[in-house]
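Worksheet: the structure to be examined is printed underneath.
Since the structure is predicted, the reported quantities are computational estimates derived from the model, not experimental observations. Residues take their numbers from the sequence shown, with the count starting at 1.
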Amino acid sequence: MAMSSTPNILLSLFSIHFMLSLVKINEAKVPAIIVFGDSSVDAGNNNYIPTIARSNFEPYGRDFNGGHPTGRFSNGKIATDFISQAFGLKGAIPAYLDPSYSISDFATGVTFASAGTGYDNSTSNVLSVIPLWKELEYYKDYQTKLKANLGDGKANDIIKDALYMISVGTNDFLENYYAVPGRSSQYTIKEYENFLVGIAGNFTKALYDLGARKISLGGLPPMGCMPLERTGNLMGGSECVNSYNNLAAEFNSKLNDLVIKQNKELNGIDMVFSDPYGIMLDIIQKPAFYGFEVTGVACCATGMFEMGYACSRTNPFTCSDADKYVFWDSFHPTEKTNAIVANHVVQTSLAKFF
């Protein structure tokens, strides 16, 4: 135990020190963080739409401020909350559809993300969630409200200098292509990857046309190591599903190529590729170094409930210490894992924005 906890403590202390030092250096370079994507960055938008893809019930949020479920698919904060904090902004980015927040709250950060969505419109249909194009419509609405609240000048400064973060894509493969009939009969897997990359390029170009200049395009995690996939891999001894991991790595390479291409084509854009794959795989392969004990099983009760998306309402048993677990539920990391991944992304791809 002592061996695994020591690096964990050192890592936590380093992370806190690093984030605080960044805040002191350049507090105002990024005035807001604006987020698009899926459950990895949804802070509760799905609470306000008719879908089963929600996490507004216990045990979710048990380690969040106040100990209440917020709609985040975690026991506490998600990665974008930690990233916001690192930039000297608020410690939790609110959901746009949450009526308890106003445009003045959203001026320094907002998420339009919807759990269960993807690049592909047909992915959002699987669980009846907000498609990516609708997230963009909400963002246009946000711009209008921001200008009305702050005036065109100040609002345009925020729009231009904000950091735009996109985290989406896992559901396109695991909840759509490999789970329901349709796309797999229309596209080979490589054709589907290219189809999604095309949508990603159109989305980042649309953001650019709306004034965004600093954009982080997020990659996929090693999705074959999610507990749901490992549980189903009986023939492979419940190990990570290598074919899914290889697919994620291949797709990430194509997204990175897109970033390089658009940086050349779009004048004044500063886009980066934020890759969670390597750090997540390292955590899973060397858990003790990061202070983890369990990698293949989730902290909360899992199974096929809500397509494996969430803990079960009817059996809210959870482990006593989520910090020992890499995954909170069968799809999503614990708050501690989110903090480590966020810290890695801040130090690598996002460092240039400080």
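For Tyr187 and Tyr177, the gap between ring centers reaches or exceeds 6.0 Å.
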Item to complete: Apply the test side-chain contact (heavy atoms from CB on, under 4.5 Å) to residues Glu193 and Phe173: give CA-CA distance (whole Å), side-chain angles for both, the deciding distance (0.1 Å), then the verdict.
Response: CA-CA 9 Å; Glu193 286 179 65; Phe173 297 105; 4.0 Å; yes

Worksheet item: Checking side-chain contact (heavy atoms from CB on, under 4.5 Å) for the pair Ile215/Ile269: CA distance, chi angles, key distance, verdict?
Response: CA-CA 8 Å; Ile215 300 175; Ile269 199 171; 4.0 Å; yes

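Judged by distance alone, the side chains of Thr123 and Asn171 never bring a donor and an acceptor atom under 3.5 Å apart. In the model, Glu135 has no side-chain atom that pairs as donor or acceptor with a side-chain atom of Tyr139 under 3.5 Å. Counted by atom type alone, Thr204 and Gln262 present one or more donor-acceptor pairs between their side chains at under 3.5 Å. If you check the side chains of Tyr325 and Asn75, you find no donor sitting under 3.5 Å from an acceptor. With no hydrogens or angles considered, a side-chain donor-acceptor pair links Ser216 and Ser274 at under 3.5 Å. In the model, Ser243 has no side-chain atom that pairs as donor or acceptor with a side-chain atom of Asn246 under 3.5 Å. His332 and Ser40 share no side-chain donor-acceptor pair at under 3.5 Å. No donor-acceptor contact under 3.5 angstrom links the side chains of Arg72 and Ser74, judged on distance only.
Counting heavy atoms of neighbouring residues, nucleotides and ligands inside a 6.0 Å radius, atom CG of Asn267 does not exceed 12 of them.
The only member of Phe203, Trp133, Tyr138 that meets ring pair (Phe, Tyr, Trp, His ring centres under 6.0 Å) when paired with Phe36 is Phe203. Put simply, the residue from Ile166, Asn176, Asp38 that forms a side chain to side chain contact (heavy atoms under 4.5 Å, CB included) with Tyr119 is Ile166.
Annotation for Gly91 and Lys77: closest pair O-NZ, 3.1 Å, computed over non-hydrogen atoms.
Ile159 and Leu210 fall within a single hydrophobic cluster, where Ile, Leu, Val, Met, Phe, Trp and Tyr side chains are chained together by heavy-atom contacts under 4.5 Å. Note on Ile283: it does not cluster hydrophobically with Ile78, by side-chain heavy-atom contacts below 4.5 Å among ILVMFWY residues. Tracing side-chain contacts under 4.5 Å through hydrophobic residues (I, L, V, M, F, W, Y), one reaches Leu174 starting from Val197; they form part of the same cluster.
Lys352 and Asp270 are joined by a salt bridge, as a carboxylate oxygen and a charged side-chain nitrogen come within less than 4.0 angstrom of each other. Classification of Lys29 and Asp161 as a salt-bridged pair fails, no side-chain N sitting under 4.0 Å from a carboxylate O. Note on Asp257 versus Lys261: no salt bridge recorded, every NZ/NE/NH1/NH2 to OD/OE distance being 4.0 Å or above.
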Atom pairs and distances, donor-acceptor, side-chain atoms in residues 144-151, under 3.5 Å, two or more places apart:
residue, atom, partner, partner atom, Å
Thr144, OG1, Lys140, O, 3.2
Lys145, NZ, Tyr96, OH, 3.4
Lys145, NZ, Asp141, OD2, 3.3

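Contacts of Lys286 classified as salt bridge (Lys or Arg N to Asp or Glu O under 4.0 Å), with partners at least two apart in sequence or in another chain: Asp282. Residues satisfying the side chain to side chain contact (heavy atoms under 4.5 Å, CB included) test with Asn194, not counting sequence neighbours, are Lys254.
In this structure, Tyr178 and Tyr244 have tilted ring planes: the angle between them lies in the 30° to 60° band. Ring orientation note: the planes of Phe57 and Tyr60 are nearly perpendicular, at an angle over 60° on the 30°/60° scale.
Geometric assessment of Lys336 against the ring of Phe292 yields a positive cation-pi assignment under the 6.0 Å and 45° thresholds.
In this structure, cysteines Cys300 and Cys319 have SG atoms that are not closer than 2.5 angstrom.
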